[in-house]
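Only one structure is covered here, and it is reproduced in the block below.
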Amino acid sequence: MELISKIIKLKAVVDVKQSLFSGQSFLWDNYDHTNNYYMTIIKNTPLIIRQLSDNTIEVISNSMNVDSIIIDEFINNYFSIEVDVNKIYSENLRKLYPDVYSRLNGYYPLRILRQDPFETMISFMCAQGIGMHIIRKQVSMLKKFYGEKLSITFNGDEILLYAFPTPQRLANADLSQLSFCTNNNKIRAANIILAARSVVDGSLDLNILGASEIPLAQLRNTLCQIRGIGFKIADCIALFGLGRFDAFPIDTHVKQYLGTWFKSTTAFRSLSPANYLILDAEARTFLNPDFAGYAGHILFHCWRKEIKKLQSF
DNA sequence: TCCCAGGCCATGT
DNA sequence: ACATGGCATGGG
């Protein structure tokens with residue numbers, strides 16, 4: 001099929017590279033940083049995204065379904081363009097933590113992506129007490145072993161891409177073979193199989209969870225019913241997979257910056273469930289509660305990049 | 001060699 | 001209610 005290309009003008013300034021690789025997405029393992037090409041599969045559609053300027057991107061595909069993906073509304077929504085990043089911090093941050101606030105100047109083009117809920121759930125179940133490098137490797141192997149293989153021809157080269165596995169494929173996966181993809185962790189593999197089965201049998205409906213306006217605590221508790229999902233991963237699923245920008249995941253990095261930048265004494269205690277909720281409430285005093293997680297992700301990225309000197313890609 | 005990585009869970013006080 | 005160890009492995 002013929003290659004389709006469309007130039008899309010975004011309604012805000014976006015840094016595509018930083019948005020895709022700030023650590024929220026483990027899916028962008030196919031890229032060409034030199035020429036600004038990023039390749040992935042969204043809704044079973046192979047896509048190449050290329051940044052042309054601050055607020056224009058080119059989207060290229062050869063798929064049948066491409067019409068529903070390449071429209072401006074979808075892309076603007078994917079990059080959560082409607083969120084005004086000037087409003088995600090409260091006045092308290094500007095007043096009480098001006099040094100932290102000034103650090104964030106360069107990060108306004110960093111957008112949170114609205115990603116597929118199931119993909120987000122399984123990916124973050126692979127992210128427990130382990131480095132980003134291994135997390136990406138696990139997701140990459142899951143796709144290669146259990147995902148549908150799709151290709152796109154670009155500049156004369158056929159590029160192979162693997163879609164994220166369907167719930168059905170993971171629900172029927174063999175435990176020992178799946179654990180080969182989960183860093184040899186059999187507990188994690190078993191949890192993923194159970195989670196996939198609960199999606200297949202309908203006891204967990206992520207689309208309904210995301211569409212409904214249920215309170216964040218209730219949403220979190222629902223996700224925590226699944227083995228292998230605690231507060232942190234539940235909040236990640238809500239934030240990155242369900243578009244709940246009020247969800248504020250607290251991991252080891254967030255815990256660190258809450259202690260160092262915001263002088264939280266709780267942040268120097270162990271991250272027990274009780275302390276997690278205390279930190280969550282504290283963060284909402286200097287972040288706009290409705291966008292606490294959105295702001296938290298920018299702070300997270302800033303902390304990793306500038307203080308910990310970590311590479312996300 | 002030791003500690004830390006986008007944690008969660010079972011067990012022991 | 002809290003603390004601790006196991007899970008697994010690569011990198012600093």
Side-chain angles (χ1 to χ4, degrees), chain A residues 18-29 110 112-113 115 119-142 175-195 198 220-242 244-245 247-260 265-280 283 292-313:
Chain A
Q18 204 158 215
S19 300
L20 303 185
F21 289 92
S22 58
Q24 60 175 299
S25 172
F26 307 109
L27 303 173
W28 295 81
D29 51 1
L110 169 55
I112 285 189
L113 311 179
Q115 296 172 97
E119 209 169 288
T120 305
M121 176 174 74
I122 302 298
S123 296
F124 277 99
M125 288 178 76
C126 295
Q128 301 174 350
I130 213 162
M132 194 78 82
H133 177 75
I134 298 180
I135 298 168
R136 296 181 78 93
K137 180 177 161 194
Q138 290 176 81
V139 176
S140 175
M141 286 179 73
L142 281 177
L175 177 60
S176 61
Q177 195 189 343
L178 184 62
S179 61
F180 186 59
C181 304
T182 57
N183 201 31
N184 295 320
N185 187 325
K186 286 194 163 47
I187 297 172
R188 179 175 302 152
N191 288 342
I192 286 174
I193 291 174
L194 284 175
S198 68
R220 182 158 60 193
N221 289 337
T222 303
L223 290 170
C224 285
Q225 299 301 310
I226 296 166
R227 293 185 62 81
I229 297 181
F231 283 169
K232 188 269 170 182
I233 292 178
D235 279 336
C236 283
I237 298 167
L239 177 63
F240 300 118
L242 301 177
R244 289 295 295 255
F245 300 138
F248 183 78
I250 302 166
D251 69 350
T252 174
H253 296 290
V254 174
K255 181 172 177 289
Q256 288 167 28
Y257 78 60
L258 288 175
T260 305
T265 52
T266 314
F268 292 103
R269 304 172 63 84
S270 72
L271 194 53
S272 62
N275 284 338
Y276 188 100
L277 296 177
I278 293 172
L279 288 171
D280 181 77
Y294 206 110
H297 181 64
I298 293 179
L299 288 161
F300 163 87
H301 182 64
C302 180
W303 173 264
R304 280 176 52 93
K305 190 176 173 188
E306 296 186 11
I307 309 299
K308 304 299 291 274
K309 312 285 185 193
L310 290 169
Q311 284 276 354
S312 290
F313 47 86

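To find a chain, count down the sequence lines: A is the first, B the second, and so on, and within it residues start at 1. Keep in mind that the numbers below use all heavy atoms, side chains included, and drop hydrogens, waters and symmetry copies.
- A close approach under 4.0 Å does occur between a side-chain nitrogen or oxygen of Arg304(A) and OP1 or OP2 of dG6(B).
- Ring geometry for Phe240(A) versus His297(A): interplanar angle over 60°, hence perpendicular rather than tilted (30 to 60°).
- Counting non-hydrogen atoms under 4.0 angstrom, Ile187(A) reaches the backbone sugars and phosphates but no base.
- Taking atom P on both dG6(B) and dA3(C), the two are 24 Å apart, rounded to the nearest angstrom.
- Comparing atom distances between the Pro249(A) side chain and each of dA10(B), dA8(C), dG6(B) picks out dG6(B) as nearest.
- Base pairing of dA8(C): no nucleotide in any strand meets the Watson-Crick or G-U wobble criterion (both distances under 3.5 Å).
- Taking 4.5 Å as the limit, every side-chain heavy atom of Asp251(A) sits out of range of all side-chain heavy atoms of Cys236(A).
- A sub-4.0 Å separation between OP1 or OP2 of dG10(C) and a side-chain N or O of His133(A) is absent.
- The CD-C1' distance, from Gln128(A) to dA5(B), rounds to 12 Å in whole Å.
- A heavy-atom distance below 4.5 Å is not found between the side chains of Asn191(A) and Gln128(A).
- Note: CZ (Phe124(A)) to C1' (dG6(B)) measures 7 Å, nearest angstrom.
- Computed from coordinates, the Leu194(A) CG to dC8(B) P distance equals 17 Å when rounded to whole Å.
- In this structure, the CD1 atom of Ile237(A) is 13 Å from the C1' atom of dC8(B), given to the nearest Å.
- Residue Ile250(A) is classed as having no contact, given no heavy-atom separation below 4.0 Å to the nucleic acid.
- The phosphate of dA5(B) (OP1 or OP2) has a side-chain N or O of Gln256(A) nearer than 4.0 angstrom.
- Note that CD1 of Ile193(A) is 9.0 Å distant from OG1 of Thr182(A), once rounded to the nearest 0.5 Å.
- Counting any heavy atom pair closer than 4.0 Å across all strands shown, Ile233(A) reaches sugar-phosphate atoms only and no base atom.
- Atom name P, nucleotides dC4(B) and dG5(C): the rounded distance is 14 Å, in whole Å.
- Phosphate proximity of dA5(B) to Lys308(A): present, with a side-chain N or O under 4.0 Å from OP1 or OP2.
- With distances taken from any side-chain atom of Ser270(A) to the nucleotides dA8(C), dA3(C), dG6(B), the minimum falls on dA3(C).
- The Met132(A) side chain lies nearest to dG6(B) when the options are dG6(B), dA5(B), dA3(C).
- Rounded to whole Å, atom C1' of dG7(B) lies 11 Å from atom CG of Asn185(A).
- A donor-acceptor pair is defined here as one N or O able to donate and one able to accept, closer than 3.5 Å; such a pair exists between the side chain of Lys255(A) and the backbone of Arg269(A).
- Of the two residues near DNA chain B, Ile135(A) and Cys224(A), the one whose nearest nucleotide lies more 5' is Ile135(A).
- Using modelled atom types, no side-chain atom of Asn183(A) and backbone atom of Asn185(A) make a donor-acceptor pair closer than 3.5 Å.
- Distance check on atom C1': dT1(B) versus dT9(C) gives 16 Å, rounded to whole Å.
- One interatomic measurement links the two molecules: NZ of Lys309(A) to C1' of dA5(B), which rounds to 19 Å at whole-angstrom precision.
- Between the C1' atom of dC8(B) and the CD1 atom of Ile192(A) lies a distance of 13 Å, rounded to the nearest Å.
- Rounded to an integer number of Å, the gap from NZ of Lys137(A) to P of dT9(C) is 9 Å.
- Applying the 4.0 Å criterion to OP1 and OP2 of dT9(C), one finds that Arg188(A) has every side-chain N and O outside that range.
- For Asn191(A), no side-chain nitrogen or oxygen approaches OP1 or OP2 of dC8(B) to under 4.0 Å.
- No option in Phe248(A), Phe245(A), Phe300(A) other than Phe245(A) meets the ring pair (Phe, Tyr, Trp, His ring centres under 6.0 Å) test with Tyr294(A).
- In this structure, Thr252(A) reaches the dA5(B) phosphate: one of its side-chain N or O atoms is under 4.0 Å from OP1 or OP2.
- Straight-line distance between the P atoms of dC2(C) and dA5(B): roughly 23 Å, to the nearest whole Å.
- In this entry dT11(B) has dA3(C) as its Watson-Crick or G-U wobble partner, both defining distances falling under 3.5 Å.
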